[in-house]
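One structure below.
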Amino acid sequence: MTPKHAFKTLLFLALSACGGDQEPPVADKGSALDAVTAENIEAHVAYLADDALEGRMAGEPGYDEAAQYVADRFAELGLEPGGEDGWFQQVPLISYRLDEEAAVLIAHRDGKDTELLYKEHFVMRGDQVREENKVRAEVVYVGFGVHAPELGYSDYDGIDVAGKVVALFSNAPATFPHNERAYYSSREVKTEQAIAMGAVGTIILVSKRMEEYYPWERMKLEAGTMPGMAWVTLTGEAANYYPELRGGAIINVDVARELFAGTPISFDEARAATEASTPASTPLGFEVTLGRKTKHEVATSPNVIGVVRGTDPELADEYVVYSAHLDHNGIGAPVDGDAIYNGAYDNAMGSSLLIETARVFAASPPRRSVMLIAVTAEERGLLGSDYFAHYPTVPTASMVANVNLDMPLFLYPVADIIAFGAEHSSLAATVEAAIGEEGFELTPDPMPEETIFIRSDQYSFVRKGVPATFLVPGFRSLDPDVDGQAVVEDHRKNHYHRPSDDLARPVDWDSAVRFARANARIGYAIGNDDARPTWNEGDFFGETFAR
Ligand SMILES: [Zn+2]
């Protein structure tokens with residue numbers, strides 16, 4: 001026990017001593033936490049990541065079976081249904097696929113037309129709504145495509161992109177503070193910016209990081225194997241659809257080098273400029289034609305929602321919301337003869353912990369209510385959580401916090417935890433205390449360049465002003481012989497979003513149990529506190545999105 005923990009215990013004893021007849025739930029909470037067992041978690045993961053569920057693609061039968069499994073567990077645990085239709089909130093979806101034969105990218109330069117080859121030179125996605133589009137326009141290089149005058153940075157200053165195709169890198173300048181970098185990295189913010197400037201199409205360029213983590217061979221292999229999706233509003237429109245953009249593609253590094261040759265900037269200079277966070281935007285002096293045809297289908301896929309009713313009549317109408325995405329990538333490009341993307345860690349594991357979190361709270365509810373949501377179509381663009389955030393089954397103002405579970409890796413005995421997003425609100429202190437009770441230390445985000453805070457479902461809640469956090473195990477192992485960071489990097493490179501993220505992956509189940517308990521402790525702390533969590537004074541996300 002560290003001195004800090006000893007101090008906490010003393011403080012706790014002192015507080016309980018003067019608590020009088022209040023709260024036997026402290027003892028109940030302890031035994032409720034004991035309801036989480038490795039056997040329970042393992043059984044859920046084994047079911048959800050089984051080949052029989054075919055990778056739980058939103059809109060497919062395997063996902064529906066997973067959803068029924070979660071609903072059945074919620075029912076067994078005595079939760080209240082929290083959906084629109086019992087346990088379920090059906091999310092209407094448009095599922096769309098590019099007609100790969102009709103994918104066109106032609107470069108027009110120096111009076112010559114060069115037809116590039118799909119997969120060999122470029123990849124593209126379908127259009128969410130239109131069956132056919134085609135656009136021919138000049139290409140303008142715009143760095144990251146970020147316009148942030150308040151940070152003294154703009155890729156668009158002095159550059160005219162009206163009616164043009166913008167060529168840009170993903171991510172945002174490394175010199176930005178982490179929060180701003182995450183915000184400006186989001187595809188939505190960039191797309192809206194490009195449209196506001198009048199762009200009609202996009203070409204995404206491959207950064208060094210993208211090359212390393214997502215080599216072109218893999219891009220090629222996966223292109224066209226999974227459908228794109230959009231959720232549909234109550235008035236029948238595709239959400240987050242940008243009709244102004246009439247084409248888009250990602251081009252590989254060799255093609256980019258050739259296309260940039262002889263323009264005011266070489267591709268390698270452009271890439272170096274973004275790495276140095278220096279705007280170097282310039283018209284490239286050639287045109288492209290982007291063309292495609294898309295096939296569309298309608299589908300629905302449910303979020304699964306259960307509620308544990310709080311014990312305090314004054315606070316039971318407020319909710320601590322836990323979320324975990326239940327979908328994964330279905331059946332796709334085979335790797336070593338295996339085409340089922342089981343998503344054992346991503347996110348059968350998080351979904352299993354969600355069920356166990358429900359078990360804890362059902363055994364001993366806090367004062368506030370707890371809502372548990374298994375969301376659909378995260379892998380297709382945070383669609384289920386975004387739908388819920390737009391059409392919540394309880395008022396948005398009644399959601400006091402979101403705790404998200406996504407791909408917690410227990411590849412070794414875990415010593416520390418990273419709590420993405422906690423630093424933006426009063427949740428930081430809550431989280432640190434809760435995880436300390438399970439022997440975890442809090443580690444600051446070691447890879448802000450990955451902008452993970454905006455890349456899972458908690459961001460759908462943040463964008464509605466709800467303070468949120470998303471915990472993952474850190475890189476430190478309790479076993480001094482294990483280099484945790486190397487093990488996690490190996491998983492990210494070789495198993496993440498691949499068929500091999502399956503039941504063969506090692507799991508330190510004891511860490512999984514402690515992690516589940518730590519997450520539940522956060523819910524108790526939030527659920528029992530007189531005050532609800534607050535955004536920090538002047539916090540970027542709080543200021544940008546809070547009510
Ligand atoms: Zn994923």
Side-chain angles (χ1 to χ4, degrees), residues 44-45 48-50 53-60 62-63 66-67 70 91 93 95 125 170 182 185-187 209-210 213-214 218-219 221-223 225-231 301 303 322-333 335 338-354 373-387 402 404-411 418 420-421 447 450-461 468 470-473 488-505 507 515:
H44 304 319
V45 175
L48 296 171
D50 194 281
L53 269 61
E54 298 185 328
R56 307 184 305 282
M57 173 63 81
E60 300 289 336
Y63 177 89
V70 174
V91 179
L93 299 166
S95 168
R125 318 190 72 178
S170 52
S185 293
S186 93
R187 198 167 66 162
R209 192 170 179 81
M210 197 161 153
Y213 280 85
Y214 212 77
R218 188 166 168 194
M219 193 94 77
L221 187 76
E222 291 181 4
T225 60
M226 288 169 201
M229 291 188 194
W231 61 265
S301 184
N303 292 329
Y322 282 82
S323 53
H325 77 86
L326 183 59
D327 69 303
H328 193 55
N329 285 329
I331 295 177
V335 178
D338 183 2
I340 301 178
Y341 287 65
N342 307 77
Y345 270 118
D346 185 11
N347 188 26
M349 183 61 80
S351 304
S352 301
L353 299 186
L354 183 80
I373 315 181
V375 292
T376 187
E378 187 269 356
E379 302 286 10
R380 313 264 69 75
L382 314 184
L383 303 184
S385 60
D386 195 35
Y387 186 85
N402 169 240
N404 189 44
L405 294 153
D406 189 0
M407 203 175 91
L409 300 176
F410 309 114
L411 296 165
I418 302 157
F420 295 108
M447 37 188 182
E450 291 273 320
T451 62
I452 287 175
F453 185 51
I454 68 160
R455 283 174 43 190
S456 187
D457 294 302
Q458 72 283 343
Y459 202 53
S460 295
F461 291 90
F470 159 38
L471 273 58
V472 298
V488 169
E489 291 271 308
D490 168 71
H491 183 89
R492 294 187 71 82
K493 274 192 180 166
N494 300 316
H495 304 286
Y496 169 70
H497 282 202
R498 292 187 166 218
S500 63
D501 177 11
D502 64 12
L503 294 170
R505 294 298 291 145
V507 179
F515 186 84

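As the structure lists them, so they are numbered: ligands from 1, and atoms in each ligand from 1.
Nearest to the Zn ion (ligand 1), among the N, O or S atoms that H497 has, is NE2. Between the Zn ion (ligand 1) and the N, O or S atoms of E379, the shortest distance is to OE2. Within D346, OD2 is the N, O or S atom that lies nearest to the Zn ion (ligand 1).
Y345 and H495 have their aromatic ring centers separated by at least 6.0 angstrom.
Distance check for D406 against the Zn ion (ligand 1): none of its N/O/S atoms falls below 2.8 Å. Among the atoms of E378, no N, O or S atom falls under 2.8 Å of the Zn ion (ligand 1).
Take E54 and apply the salt bridge (Lys or Arg N to Asp or Glu O under 4.0 Å) test, not counting sequence neighbours, and it matches no residue. Considering only residues two or more places apart in sequence or on other chains, N494 meets the side-chain hydrogen bond (donor to acceptor under 3.5 Å, both in side chains) condition with D490.
For R218, the CZ atom is densely surrounded, since the number of other residues' heavy atoms within 6.0 Å is greater than 12.
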- Task: Test salt bridge (Lys or Arg N to Asp or Glu O under 4.0 Å) on K493 and E489 and set out the steps.
- Result: CA-CA 6 Å; K493 274 192 180 166; E489 291 271 308; 5.2 Å; no

